[in-house]
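Taking it in order: structure first as structure tokens, then the write-up.
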Amino acid sequence: MTKTKSQPNFFGSVQNYFDKAAAHTGLHQGLLTQIKVCNAVYQVQFPVKIGNQYKVIEAYRVQHSHHRLPTKGGIRYSNHVNQEEVMALATLMSYKCAIVDVPFGGAKGGVKINPWEYNEAQLQKITRRYTTELVRRNFIGPSIDVPAPDYGTGSREMAWIYDTYRTFKGEDIDAAGCVTGKPVTLNGIQGRQEATGRGVYYGIREAVETEADMKALGLTTGMAGKTMVIQGLGNVGSYTAKISQDEGDAIIVGVSEVEGAIYKESGIDIYELLKFREETGSILGFPGAKNFEKQDRNKVMEFECDILVPAALENQITRENASRIKAKIIAEAANGPTTFEGEQILLKNGKLLIPDLYLNAGGVTVSYFEWLKNLSHMRFGRMEKRFNQNTFRSMIDLVEKNTGKSVTERDRSVIAKGADEIDLVRSGLEETMINAYNQISEIRRRKRKVEDLRTAAFVNAITKIGNDYLTMGIFP
Ligand code: NAD
């Protein structure tokens, strides 16, 4: 019997991707090693009283790169958290920030708990204790390290983190910038919740506009009418699906969740599906769709569609299932959904893979906007909205006067709209995703041996971080 070689884990995959790209950067080995390693790893175990028992909880904060400060990255609550996973996620954050020109180093936090096993009061206790440990070690602060939500955490946890930090650092006038993804009413920002899914949409939209790539896949350009399968209907998956359906006219044909999967060739209305799941507790049984029970839920990833969007967990496309994937485009909304070996098979089969470190960077981009808002102590649009509105109105009045033709009230309200915070956030995010895609595409076009978008994205990130170190004069 032949022994199967074990597949590299998530951290191993990230390191492999790095090595593959590093060869195309022209940077010397010492500098590459500095860019590759994690600069600071903090592991802590703390006790929390849960009911009548004390639980000792394992937690991490990893700062991958101090080339820019603060460092930035989400906090994950999951039973699967371990040091290597947090290191992999922190590493991806550095490259992600560099790709979208967000001036942070990468970081990530993890607390090894199943958040669904605890009530709200217990989760608050754990979150406040974890934050206290970070404060004690100087691992949090608006100019040091700024966490955000990730798998198993949301704006509620970010509010607890902010409040705990403020308790210790009340004199810090910029304290609100110690964490992002806060509730909008507590120094958060409009549009943060949808940001990653919206960024995923913008990224896919850019990719399907590239004529040569679409021609090679046998597809026409444009999002309209493209069929999509989505794995995971959480924050990222549900917003990606909603915005792709609403703004891109894409057709969602398959969805998988923890309880199973559904497939409907004629299309699934995503709002109806979310309502159906809320009412019944499951996506299974959705009218007109074919059901796949829990043990077969991943089969939906292998069905015929144009775009497959893994938006749940890492290590979902591996050397075991990659060759059965029929989608022409794999859009990595989740972090690390494709293993290094899985990707090699996909590329050999001519697929277009839009990599996580670019595609899901919308979250950190809008987190950056939130941090800027916190440091400026003012919401975006406050100073210029009315001024712009009045200027646009005067211009319309002038055109009406000079042409003798009047503009309808509806057109007037569209043309003379001063931008609100949400408009500016969406516009900034769209600009960021388009710009970053163009940079990556350009590298793939210019460097003869860089054939895939992931390698191009890594080359872009490594080069930018390397240039920072070179400019600082740390490396010759
Ligand atoms: P989430 O917890 O809101 O959603 C994940 C969803 O996946 C849940 O609904 C869960 O039930 C489902 N799921 C879990 N296992 C599954 C399986 N085997 N098959 C199908 N569905 C499954 O988390 P999220 O914030 O949407 O994050 C999803 C992914 O996106 C993670 O990899 C995360 O690191 C990444 N990401 C998130 C953000 C963000 O802003 N939230 C930013 C960048 C990257």
Side-chain angles (χ1 to χ4, degrees), residues 10 14 72-81 85-86 88-93 95-97 99-100 102 106 108-110 114-116 147-158 180-182 188-189 191-200 203 229-242 254-262 273-274 277-278 281-284 292-301 308-318 321 331-338 355-370 429 433:
F10 183 19
V14 175
K72 182 102 193 68
I75 294 177
R76 177 174 283 206
Y77 285 4
S78 155
N79 253 343
H80 302 289
V81 160
E85 184 193 70
V86 186
L89 290 163
T91 307
L92 279 180
M93 281 306 296
Y95 306 149
K96 204 178 284 189
C97 289
I99 287 167
V100 288
V102 163
K108 204 79 180 187
N114 177 354
W116 291 275
D150 191 64
Y151 192 90
T153 60
S155 58
R156 181 183 65 173
E157 286 74 14
M158 302 306 116
T180 59
K182 301 179 292 295
I189 195 166
R192 173 61 184 86
Q193 211 181 335
E194 64 166 31
T196 306
R198 178 166 286 281
V200 169
V229 166
I230 307 220
Q231 183 199 37
L233 265 196
N235 174 290
V236 178
S238 62
Y239 278 109
T240 301
K242 284 193 233 177
V255 170
S256 77
E257 249 299 334
V258 276
E259 64 270 19
I262 58 168
L273 178 64
L274 289 167
R277 189 174 188 231
E278 210 178 297
S282 172
I283 58 170
L284 295 174
F292 297 85
E293 295 301 324
K294 189 171 179 165
Q295 67 277 10
D296 293 327
R297 65 189 172 201
N298 276 1
K299 284 216 173 98
V300 79
M301 299 210 296
L308 170 64
V309 184
L313 300 164
E314 53 265 17
N315 296 339
Q316 295 302 298
I317 302 172
T318 65
N321 64 355
E332 291 188 331
N335 279 313
T338 314
D356 52 1
L357 73 167
Y358 159 68
L359 196 63
N360 67 30
V364 73
T365 302
V366 175
S367 272
Y368 169 49
F369 300 158
E370 181 178 334
L429 175 60
M433 295 305 292

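Source: prediction; values computed, not measured. Counting starts at 1 for both ligands and their atoms, in listed order.
- Residue Asp150 touches ligand 1 through its side chain alone, judged by heavy-atom distances below 4.0 Å.
- With a 4.0 Å heavy-atom cut-off, ligand 1 is reached by no atom of Glu314.
- Although no hydrogens or angles enter the test, the distance criterion places a donor-acceptor pair under 3.5 Å between the side chain of Asn321 and the main chain of Thr318.
- Distances from atom 16 (C) of ligand 1 to the heavy atoms of Ile230, Val258, Val366 show the closest one on Val258.
- Here the protein heavy atom with the shortest distance to atom 19 (N) of ligand 1 is Gln231 NE2, 3.7 Å.
- Considering backbone and side-chain N/O of Asn298, none are found under 3.5 Å from N/O of ligand 1.
- Between the side chain of Glu370 and the backbone N or O of Gly181 there is at least one donor-acceptor pair closer than 3.5 Å.
- Inclusion of Asn360 in the set of residues having an N or O under 3.5 Å from an N or O of ligand 1 is not warranted.
- Contact annotation for Ala333 and ligand 1: only backbone heavy atoms (N, CA, C, O) come within less than 4.0 Å of the ligand.
- Among Thr91, Asn360, Thr365, the one residue that satisfies the side chain to side chain donor-acceptor pair (under 3.5 Å) test with Lys96 is Asn360.
- With respect to Glu194 and Lys242, no salt bridge is recorded, no charged nitrogen being found less than 4.0 Å from a carboxylate O.
- Counting atoms of ligand 1 from 1 in the listed order, those under 4.0 Å from a heavy atom of Tyr151 are 2 (O), 5 (C), 14 (C), 23 (O).
- The residue from Asn335, Val364, Asp356, Leu89 that puts a heavy atom closest to atom 36 (N) of ligand 1 is Asn335.
- At least one donor-acceptor pair under 3.5 Å links the side chain of Arg297 to the backbone N or O of Val258.
- When each atom of ligand 1 is checked for a heavy atom of Gly234 under 4.0 Å away, the hits are 3 (O), 4 (O), 6 (C), 9 (O), 26 (O).
- Counting only non-hydrogen atoms, the option in Leu313, Asn235, Val236 that gets closest to atom 1 (P) of ligand 1 is Asn235.
- Distances below 4.0 Å separate heavy atoms of Ser256 from the following atoms of ligand 1: 20 (C), 21 (N).
- With Thr180, Leu92, Thr240, Thr196 as candidates, the residue nearest to atom 38 (C) of ligand 1 on a non-hydrogen basis is Thr196.
- The backbone N or O of Pro147 lies less than 3.5 Å from a partner atom in the side chain of Lys72, making a donor-acceptor pair.
- Residue Ala312 holds the heavy atom nearest to atom 31 (C) of ligand 1 of all those in Gly73, Ala195, Ala311, Ala312.
- Heavy-atom proximity to atom 9 (O) of ligand 1, evaluated over Arg277, Lys294, Glu257, is greatest for Glu257.
- Side chains of Glu332 and Leu357 form no contact here, defined as non-hydrogen atoms less than 4.5 Å apart.
- Distance from atom 30 (O) of ligand 1 to its nearest protein heavy atom, with residue and atom name: Ala334 CA, 3.6 Å.
- Taking the side chain as every heavy atom from C-beta outward, Glu257 and Leu284 never approach each other to under 4.5 Å.
- A donor-acceptor pair under 3.5 Å links the side-chain atoms of Asp356 to the main chain of Gly336, judged by distance alone.
- Looking at Leu308 and Gln316, their side chains never come closer than 4.5 Å, going by heavy atoms from C-beta outward.
- Tyr358 places a side-chain N or O within 3.5 Å of a backbone atom of Met433 that can act as its donor or acceptor partner.
- The side chain of Arg192, and not its backbone, has at least one atom closer than 4.0 Å to an atom of ligand 1 (non-hydrogen atoms only; side chain from C-beta on).
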